[in-house]
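Position 1 is the first residue of the sequence, and the numbers go up from there.
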Amino acid sequence: MKAQQLPQFRYAMSIEEIGHEGNRYIDSIWYSLYESMYEELTNAFREMEDAAYGMYLDRLMTPLFECLEEAGFVAMEPVEKNDFIIGRCLLFRNSLEKWGSENNRSRIFWNVVRRTDGDIVGTLLTEIPHSHLKFHIPSAPVLYTLRECDRGRIMQGIRQIKK
């Protein structure tokens, strides 16, 4: 991966600026990564279905979350016993999948983002479009941002985005 493709985060960024820079990174890499992993993930999908998308997100999102951490942000909450984590910081329990058809579903993960001093910046939402019928990502994953950090308000914000 080229260094200039990695997201450039700064400690003073707002949640909106983080989302914008994250989307720039995703837009620059998502499709070439998808193409380079397509055969491997198509085979993985036959065996483990949706978990193949986790393999993709591990490669796509880990650099983003690492760059956030290097800039002084914390996007991970304490891990619980049965947590399933993908992409370094995406907790399966902090996600919803309620939209779309079987060949174009949408799952949205959320991460409350804090600075290392504890100040809450906002919530980063990661939407991954995907198919349940075969391995297929019909369009680029997208980051959305919310100022809210309360679980109920996050759910409300997600519903607003998906309307």
Side-chain angles (χ1 to χ4, degrees), residues 1-9 18-71 73-113 123-146 151-152 154-163:
M1 193 174 318
K2 298 176 189 170
Q4 69 266 24
Q5 288 178 323
L6 291 174
Q8 303 295 310
F9 298 117
I18 290 169
H20 180 76
E21 179 60 13
N23 278 321
R24 184 206 55 79
Y25 157 74
I26 289 170
D27 288 344
S28 77
I29 193 73
W30 86 274
Y31 193 74
S32 60
L33 180 64
Y34 174 71
E35 282 188 317
S36 72
M37 296 181 75
Y38 185 78
E39 188 175 328
E40 171 192 359
L41 295 177
T42 297
N43 292 333
F45 185 86
R46 287 187 198 109
E47 290 181 33
M48 52 188 190
E49 298 179 351
D50 276 9
Y53 296 110
M55 293 170 61
Y56 175 78
L57 289 172
D58 282 341
R59 292 277 304 279
L60 179 69
M61 297 303 292
T62 297
L64 183 143
F65 286 117
E66 286 174 347
C67 289
L68 262 180
E69 288 174 14
E70 289 169 11
F73 295 97
V74 177
M76 187 66 167
E77 61 184 73
V79 177
E80 296 177 3
K81 184 179 177 184
N82 293 320
D83 274 337
F84 183 68
I85 305 164
I86 55 177
R88 186 175 180 107
C89 290
L90 300 173
L91 290 174
F92 213 75
R93 69 178 151 93
N94 286 353
S95 73
L96 291 173
E97 182 179 341
K98 295 185 176 196
W99 307 275
S101 62
E102 286 301 294
N103 67 341
N104 191 358
R105 293 290 287 177
S106 180
R107 178 171 293 279
I108 297 181
F109 293 88
W110 67 86
N111 295 83
V112 175
V113 178
T123 300
L124 196 60
L125 306 174
T126 305
E127 180 177 25
I128 175 74
H130 62 286
S131 172
H132 284 196
L133 305 177
K134 63 180 182 174
F135 181 78
H136 179 63
I137 300 173
S139 58
V142 177
L143 299 179
Y144 299 98
T145 59
L146 298 172
R151 187 177 183 92
I154 292 169
M155 300 281 208
Q156 200 174 15
I158 291 171
R159 284 191 286 278
Q160 282 297 118
I161 289 168
K162 292 309 294 179
K163 277 188 178 179

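- Other residues, nucleotides and ligands contribute only 12 or fewer heavy atoms inside 6.0 Å of the CD atom of Glu49.
- Note that CG of Leu91 and CZ of Phe84 are 11.0 Å apart. Values are rounded to the nearest 0.5 Å.
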Dump the intermediate steps for side chain to side chain contact (heavy atoms under 4.5 Å, CB included) on Leu143 and Leu125, then the final yes or no. CA-CA 5 Å; Leu143 299 179; Leu125 306 174; over 6 Å; no
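- Minimum interatomic distance between Ala75 and Val113 (heavy atoms only, all atoms of both residues): CB-CG2, 4.4 Å.
- Taking all atoms of both residues into account, the shortest heavy-atom contact from Ser36 to Leu33 is OG-O, 2.9 Å.
- Phe9 is not listed as a side-chain neighbour of Glu70, based on a closest heavy-atom distance of 4.5 Å or more.
- The line from OG1 of Thr123 to OH of Tyr144 is 15.5 Å long, rounded to the nearest 0.5 Å.
- Contact annotation: the side chain of Glu69 never approaches that of Met76 to less than 4.5 Å [non-hydrogen atoms, C-beta and beyond].
- The heavy-atom pair separating Glu127 from Pro129 by the smallest distance is O-CD, 3.6 Å.
- Residue pairs meeting the salt bridge (Lys or Arg N to Asp or Glu O under 4.0 Å) criterion with at least one member in residues 31-45: none, sequence neighbours excluded.
- Looking at heavy atoms from C-beta onward, Val142 lies out of side-chain contact with Ile26 at the 4.5 angstrom threshold.
- By the 6.0 Å contact criterion, OH on Tyr38 is enclosed, its count of non-hydrogen atoms from other residues, nucleotides or ligands being greater than 12.
- For the pair Tyr53 (side chain) and His136 (backbone), a donor-acceptor distance under 3.5 Å is present.
- Going from atom SG of Cys67 over to atom CD1 of Ile18 covers 12.0 Å, rounded to the nearest 0.5 Å.
- The six-membered or imidazole ring of Tyr34 lies near that of Phe135, with a centre-to-centre distance under 6.0 Å.
- Met61 places none of its side-chain heavy atoms less than 4.5 Å from the side chain of Arg88.
- No side-chain heavy atom of Asn111 sits less than 4.5 Å from a side-chain heavy atom of Asn94.
- When all heavy atoms are compared, the tightest approach of Ser95 to Trp110 is N-CZ3, 3.4 Å.
- Put simply, the side chain of Phe65 does not reach to within 4.5 Å of the side chain of Phe73, judged on heavy atoms.
- The CG atom of Leu64 sits 9.5 Å away from the CG atom of Leu6 when rounded to the nearest 0.5 Å.
- With values rounded to the nearest 0.5 angstrom, Asp27 atom CG is found 11.5 Å from Gln5 atom CD.
- Remark: Leu96 CG to Ile158 CD1 distance equals 5.0 Å, nearest 0.5 Å.
- Partners of Glu97 according to the side-chain contact (heavy atoms from CB on, under 4.5 Å) rule, which considers only residues two or more places apart in sequence or in another chain, are Asp50, Arg105, Arg107, His130, His132.
- Minimum interatomic distance between Gln8 and Arg24 (heavy atoms only, all atoms of both residues): N-NH2, 4.3 Å.
- For NZ of Lys162, the number of neighbouring non-hydrogen atoms (other residues, nucleotides, ligands) closer than 6.0 Å is greater than 12.
- Closest heavy-atom contact between Pro141 and Leu60: CG-CD2, 3.7 Å.
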Stepwise side chain to side chain contact (heavy atoms under 4.5 Å, CB included) check, Val112 with Ile154: CA-CA 9 Å; Val112 175; Ile154 292 169; 4.0 Å; yes
